[in-house]
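Excluded from the calculations below are hydrogen atoms, water molecules and symmetry mates; all remaining heavy atoms, backbone and side chain alike, are included. Every value quoted in this text rests on a predicted model; they were computed, and no experiment measured them.
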Amino acid sequence: MNRIVVRRLEGRKLLCTAGAHQVTTDRKREDGGTDAGPTSGELLLLAIGSCAAGSLRTFLAHAGHPSEGIAVEVAFEPSAAGDRDAVAIDVALPGLDAIADRAGLEDAARSGGVVSRIALGSELRVRFRPAPAP
């Protein structure tokens, strides 16, 4: 099971630890932060983009197509109607015209663990426990 730990540093900054890796998140200055790191929403988009790019790379390798130069951009697209927002994954892929299986490409972009869990609407559980004494 993947597990991360998030602890408050100061102000709006948080220290996020995943295994041996640490990332500091913060809010933008206009939101009361110091912009010392990405926001949590930006981290989510980074995870989606990284997941989609990795899955596409694997698909292309199995199909015998190069993946050099692939670029993935991810953005939140708020709903104009006020119902469900969307997450858009835009892929720039050199040699796209040589790939006949466009449905396979789209399936690959959606198939990674992060992207598929979001698309499926994974259940979100919140549990509380007492904090250890300092």
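- Looking only at side-chain heavy atoms (C-beta outward), Arg129 and Arg127 stay at 4.5 Å or farther from each other.
- The two atoms that bring Ala52 and Val115 nearest to each other are N-CG2, 4.1 Å, heavy atoms only.
- Interatomic distance, Thr34 OG1 to Arg27 CZ, rounded to the nearest 0.5 Å: 11.5 Å.
- By the rule that hydrophobic residues join a cluster once side-chain heavy atoms approach within less than 4.5 Å of another member, Ile48 and Phe76 end up as members of one cluster.
- Between Leu44 and Thr39 the shortest side-chain heavy-atom distance does not fall below 4.5 Å.
- Not one N or O on the side chain of Arg57 forms a donor-acceptor pair closer than 3.5 Å with the backbone of Ala53.
- For the atom pair CG (Leu15) and CZ (Arg7), the distance works out to 9.0 Å, reported to the nearest 0.5 Å.
- Val74 and Gly49 make their closest contact through CG2-CA, 3.5 Å (heavy atoms, listed as atom of the first residue, atom of the second, distance).
- For the pair Cys16 and Thr25, the tightest heavy-atom approach, listed with the atom from each and the gap, is SG-CG2, 3.7 Å.
- Looking at Asp26 and Arg12, no side-chain N of the basic residue comes within less than 4.0 Å of a carboxylate O on the acidic one, giving no salt bridge.
- Residues Thr24 and Pro38 approach most closely at O-CD, 3.5 Å, considering heavy atoms.
- Asp107 has its side chain out of reach of Phe59: every pair of non-hydrogen atoms, C-beta onward, lies at least 4.5 Å apart.
- In this structure, Leu46 CG and Ser40 OG are separated by 11.5 Å, a value rounded to the nearest 0.5 Å.
- To the nearest 0.5 Å, the span separating CD1 on Ile70 from CD on Glu68 amounts to 10.0 Å.
- One distance of note links CG of Leu56 with CZ of Arg110; it measures 11.5 Å at 0.5 Å rounding.
- Other residues, nucleotides and ligands contribute at most 12 non-hydrogen atoms within 6.0 Å of the CD atom of Glu73.
- No chain of hydrophobic side-chain contacts below 4.5 Å, direct or via other Ile, Leu, Val, Met, Phe, Trp or Tyr residues, connects Val23 to Val6.
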Please list, one pair per line, the donor and acceptor atoms closer than 3.5 Å that link side chains of residues 89-102 to other protein atoms, with sequence neighbours excluded.
{"unit_1": "Asp101", "atom_1": "OD1", "unit_2": "Gly104", "atom_2": "N", "d": "2.7"}
{"unit_1": "Arg102", "atom_1": "NE", "unit_2": "Ile99", "atom_2": "O", "d": "3.1"}
{"unit_1": "Arg102", "atom_1": "NH2", "unit_2": "Leu96", "atom_2": "O", "d": "3.2"}

Would you please test Leu60 and Leu105 for side-chain contact (heavy atoms from CB on, under 4.5 Å) and show each step? CA-CA 8 Å; Leu60 293 168; Leu105 273 175; 4.0 Å; yes
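- The nearest pair of heavy atoms linking Ser55 to Ala108 is CB-O, 3.0 Å.
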